[in-house]
K.L.:
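Provided herewith is a single structure, encoded as structure tokens, for subsequent inquiry.
Proteins come first, then strands; the chains are lettered A, B, ... in the order of their sequence lines, and each starts at number 1. Below, all heavy atoms of this structure are taken into account, side chains as well, without hydrogens, waters or symmetry copies.
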2 protein chains.
Amino acid sequence: MSIDLLDPVPKSTLRARIAERLRGAILAGDIPPGAPLVETTLSARFDVSRGPLREALRQLIEEGLVVTVPYTGTHVAALSVDDVHEIYSLRTALEIFAIEQLWARRDERFRRELVERNDALIATIDAGDDRASIETELAFHGLVYEASGHRLLQRSWASLRGRLQLYWAAHHRAHGRRGPRRDSHDSYIAAVLGDDLAAMRAEIADHMRRGAETTERFLNSLEPPAKREGKS
Amino acid sequence: MSIDLLDPVPKSTLRARIAERLRGAILAGDIPPGAPLVETTLSARFDVSRGPLREALRQLIEEGLVVTVPYTGTHVAALSVDDVHEIYSLRTALEIFAIEQLWARRDERFRRELVERNDALIATIDAGDDRASIETELAFHGLVYEASGHRLLQRSWASLRGRLQLYWAAHHRAHGRRGPRRDSHDSYIAAVLGDDLAAMRAEIADHMRRGAETTERFLNSLEPPAKREGKS
DNA sequence: TCATCGTCGATTGTCGACAATCTTGGCGGG
DNA sequence: CCCGCCAAGATTGTCGACAATCGACGATGA
């Protein structure tokens with residue numbers, strides 16, 4: 001996609017590879033939310049020692065995918081409607097900020113790429129590939145953060161992205177299609193590429209509101225009684 | 001200050017204590033920006049093994065206080081004017097969002113506490129205690145995040161706070177007084193506690209602009225030729 | 001003199017074993 | 001029947017040693 005050939009070769013440490021695998025397993029649902037993650041079991045499963053595994057777990061904890069209690073246990077993060085609300089509300093603020101950052105620049109490369117990524121998103125939706133459509137939708141929204149050139153903002157987005165993906169993946173597993181229509185980002189693009197700052201803010205906020213509602217509705221359908229975070 | 005008695009007792013692990021000590025040493029300037037952090041040396045100095053020390057370093061890396069290159073070395077993060085700009089611009093967005101979160105609530109407890117913390121800030125300024133005035137100013141601004149009740153937002157603030165403190169501490173060491181006047185937060189409080197949303201946004205943005213300018217001026221006075229990040 | 005390559009010291013990455021702590025289940029006393 | 005205590009298992013926390021990798025210095029040859 002956007003891999004630069006002059007970038008250094010990825011000198012992956014074991015920790016990084018473990019984190020990648022574990023993240024994939026969690027987001028794919030192989031290890032469901034709330035499931036225990038025992039260090040000794042995982043290290044045996046991956047055929048590595050506990051050292052790198054622990055560090056990989058720390059990273060996933062930082063990303064919000066895993067929670068741990070000292071001397072007691074480690075689990076995949078549980079789903080919670082409060083979290084959904086926080087994720088989407090903060091994301092609204094961050095994404096508006098990101099777009100504001102590149103508002104005056106009129107970056108032609110960005111404008112082109114945004115349309116391209118929307119085409120890619122539509123392609124995966126038409127293909128019926130839900131798994132890929134999650135990736136392409138995240139890539140679509142991720143572009144505004146990448147194009148902002150704001151490294152700290154990109155870190156914040158990465159932190160939100162993992163959490164968001166956890167909910168989307170769970171939704172996909174439970175309900176099959178995740179629901180985005182082909183034209184769901186048309187007004188988004190128009191607002192982002194337009195000239196009306198207030199309209200852009202309103203459109204982003206509305207876009208997020210719709211996303212949050214969908215996700216919250218899914219969560220409520222999953223476990224009506226449990227409101228706050230539950231362990232297993 | 002604001003320690004909740006129903007919160008669990010702090011079961012400190014060695015990793016947490018090491019991170020605290022190291023953070024303190026870095027922010028106090030005992031280990032200046034750019035200085036190397038050798039795991040074996042530090043583990044001997046703290047009389048602990050490298051395991052917990054490494055995990056503490058990972059945490060500080062996450063906080064932006066430390067940078068590392070695989071198999072090569074670890075250093076205290078270097079100061080950079082780009083970082084200052086990013087820190088303050090993102091902080092503007094986050095702090096406005098935080099205040100918006102508790103805008104409609106008219107939280108009396110918050111309004112009281114905000115004034116109290118400003119009094120505490122003024123007290124440390126009057127006492128000429130620069131070290132404490134950094135703490136009280138961070139505590140003052142931190143209140144809006146705490147009162148927002150938004151856990152994810154609080155995490156984001158914590159991530160920014162460490163970086164900010166790194167620059168403020170360096171400024172303090174270089175120039176003695178860090179510069180905030182007694183009344184520097186009067187208009188801030190008025191705007192936050194007022195009724196005019198647009199005025200609030202403008203005031204926060206202006207407050208941050210002033211802070212960023214002060215910090216950037218300090219950095220430029222420190223090393224005029226070095227614009228981007230330099231190692232030692 | 002200079003470029004190139006090999007070697008060596010330094011530093012981080014990884015490993016397996018031991019210690020500290022928490023939870024759970026059962027036992028005894030009330 | 002219930003409550004508190006205790007012991008055992010499970011899990012994470014910590015440790016010291018070994019391996020992989022990197023950067024710099026010096027030898028070597030043109």
K.L.:
Going by the rule ring pair (Phe, Tyr, Trp, His ring centres under 6.0 Å), which residues pair with Phe140(B) if we only count those two or more places apart in sequence or in a different chain?
P.N.:
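Checked Phe140(B) against ring pair (Phe, Tyr, Trp, His ring centres under 6.0 Å); matches are His185(B), Tyr188(B).
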K.L.:
Sugar-phosphate atoms are those with a prime plus P, OP1 and OP2; base atoms are the rest. Using that split, label each nucleotide of nucleotides 13-23 of chain D B, S or - for protein heavy atoms under 4.0 Å, 5' to 3'.
P.N.:
BBB-B--BSSS
K.L.:
Expressed as a whole number of angstroms, how long is the span from Leu42(B):CG to dA10(C):C1'?
P.N.:
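Rounded to whole Å, this separation is 15 Å.
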K.L.:
Quick one: list whatever passes salt bridge (charged side-chain N to carboxylate O under 4.0 Å, His left out) with Glu62(B), sequence neighbours left out.
P.N.:
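Glu62(B): salt bridge (charged side-chain N to carboxylate O under 4.0 Å, His left out) contacts with Arg155(A).
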K.L.:
For a quick test of reading the model: is some side-chain N or O of Thr74(A) closer than 4.0 Å to OP1 or OP2 of dT11(D)?
P.N.:
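Answer no for this pair, as no side-chain N or O of Thr74(A) is under 4.0 Å from OP1 or OP2.
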K.L.:
For Glu116(A), which residues count as a salt bridge (charged side-chain N to carboxylate O under 4.0 Å, His left out) partner, sequence neighbours excluded?
P.N.:
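Partners of Glu116(A) under the salt bridge (charged side-chain N to carboxylate O under 4.0 Å, His left out) test: none.
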K.L.:
Could you measure the distance from the CD1 atom of Ile204(B) to the CD atom of Glu95(B)? Nearest 0.5 Å is fine.
P.N.:
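Nearest 0.5 Å value for the CD1-CD distance: 5.5 Å.
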K.L.:
For a quick check of understanding: with a heavy-atom distance under 4.0 Å over all strands, which category does Leu53(B) fall into, base, sugar-phosphate or nothing?
P.N.:
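No contact.
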K.L.:
Once ring pair (Phe, Tyr, Trp, His ring centres under 6.0 Å) is applied, do any residues pair with Tyr145(B), and if so which ones, sequence neighbours excluded?
P.N.:
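If we apply the ring pair (Phe, Tyr, Trp, His ring centres under 6.0 Å) test to Tyr145(B), skipping adjacent residues, the hits are Trp157(B).
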K.L.:
Starting at atom CG of Leu37(B), determine the distance to atom C1' of dT12(C), rounded to an integer number of angstrom.
P.N.:
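Those two atoms, CG and C1', are 13 Å apart.
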K.L.:
Using residues 46-57 of chain A as the side-chain source, report each donor-acceptor pair under 3.5 Å to any protein atom, sequence neighbours left out, with the distance given to one decimal.
P.N.:
{"residue": "Ser49(A)", "atom": "OG", "partner": "Gly51(A)", "partner atom": "N", "Å": "3.4"}
{"residue": "Arg50(A)", "atom": "NE", "partner": "Glu39(A)", "partner atom": "OE1", "Å": "3.1"}
{"residue": "Arg50(A)", "atom": "NH2", "partner": "Glu39(A)", "partner atom": "OE1", "Å": "2.8"}
{"residue": "Arg54(A)", "atom": "NE", "partner": "Glu55(B)", "partner atom": "OE2", "Å": "2.9"}
{"residue": "Arg54(A)", "atom": "NH1", "partner": "Glu39(A)", "partner atom": "OE1", "Å": "3.4"}
{"residue": "Arg54(A)", "atom": "NH1", "partner": "Glu39(A)", "partner atom": "OE2", "Å": "3.2"}
{"residue": "Arg54(A)", "atom": "NH2", "partner": "Glu55(B)", "partner atom": "OE1", "Å": "3.3"}
{"residue": "Arg54(A)", "atom": "NH2", "partner": "Glu55(B)", "partner atom": "OE2", "Å": "3.3"}
{"residue": "Glu55(A)", "atom": "OE1", "partner": "Arg15(A)", "partner atom": "NH1", "Å": "2.7"}
{"residue": "Glu55(A)", "atom": "OE1", "partner": "Arg54(B)", "partner atom": "NH2", "Å": "3.3"}
{"residue": "Glu55(A)", "atom": "OE2", "partner": "Arg54(B)", "partner atom": "NE", "Å": "2.9"}
{"residue": "Glu55(A)", "atom": "OE2", "partner": "Arg54(B)", "partner atom": "NH2", "Å": "3.3"}

